[in-house]
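The figures that follow rest on heavy atoms only: side chains count, while hydrogens, waters and symmetry mates do not.
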Amino acid sequence: MIIAVEGPSAAGKTTWCRKTVDEFIGEYVPTGVEPDGSDPEHQARYWTGVNADRWSQAIELEHRAGLAVCDSDPLKLHYSWCLARIGAAPISRFLHELASVREAMSRRQLGFADAILVTLPSEAVLRRQKDGDATRSRRTFELHARLRGPLEQWYRSMDRLRPGAVIWDLQATAVGDLSTTLRPDRRYDVELLDALVFELPRIG
């Protein structure tokens, strides 16, 4: 089973993962050589490759331990959609990434987590938790705080398509209970991806 933990910056995802499991797939750590967006196709391939690598790590951990918990959703397609939703990036970025992710999914290189635990603290709580964590600079916090609403819209859409796969109370979630009620299903379902995009609120 593969479980993704998702939420805005400073929502407590990493803290929850550390408290809950001995080993998990960490968030992507910026390297300083990320694409600048001038070539949207290259940018889409780059991020799809990054996310496919995290998915591969999750598959390996699942095979080894029976359970893989991921600090943020390996699919990560929601990020470019959320940016477009608030006007911080052109919709073309999302469309290029969608095409790249769709191809990767058809090749079983990237897929849907079996369950997604979503936490959406208020902006006040996010700021308090950010200020209380001296170990991370969170230079993009202001931008990411604005993504809270679109992030909820994304996973509400997913929830309608896969009832029970999205859990909205992170603190009360017991991983052991999830593993007995959910099973791997439709991980590489491109039709589900298409349905999700159709279900999302329109942009523009």
Side-chain heavy atoms of [X] within contact of [Y], under 4.5 Å:
| X | Y | value |
| --- | --- | --- |
| I116 | I3 | no |
| D194 | R102 | yes |
| E97 | W81 | no |
| W154 | L196 | yes |
| C70 | F24 | no |

Ring center gap for Y28 and W47 short of 6.0 angstrom: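 Ring-ring flag for Y28/W47: true, centres closer than 6.0 Å.
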Sub-6.0 Å ring centroid separation between F94 and H78: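 Centroid distance F94-H78: not below 6.0 Å, so no.
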Pairwise salt bridge (charged side-chain N to carboxylate O under 4.0 Å, His left out) hits with a residue in residues 147-157, at least two apart: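 Qualifying pairs: E152-R156.
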All salt bridge (Lys or Arg N to Asp or Glu O under 4.0 Å) counterparts of R146, not counting sequence neighbours: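 Salt bridge (Lys or Arg N to Asp or Glu O under 4.0 Å) check on R146 returns nothing, list empty.
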Pair W16-D71, side-chain donor/acceptor within less than 3.5 Å: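 No, no side-chain donor-acceptor pair sits under 3.5 Å.
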Same apolar cluster (I L V M F W Y, side chains within < 4.5 Å links), M105/Y79: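 Looking at the clustering, Y79 is in a separate group from M105.
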ILVMFWY cluster, V197 and I86 together (side-chain gap under 4.5 Å):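 In one cluster: no.
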R108, CZ: over 12 other non-hydrogen atoms inside 6.0 angstrom: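 No, not enclosed.
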Exceeds 12 heavy-atom contacts within 6.0 angstrom, atom CD of E41: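 12 or below, so no.
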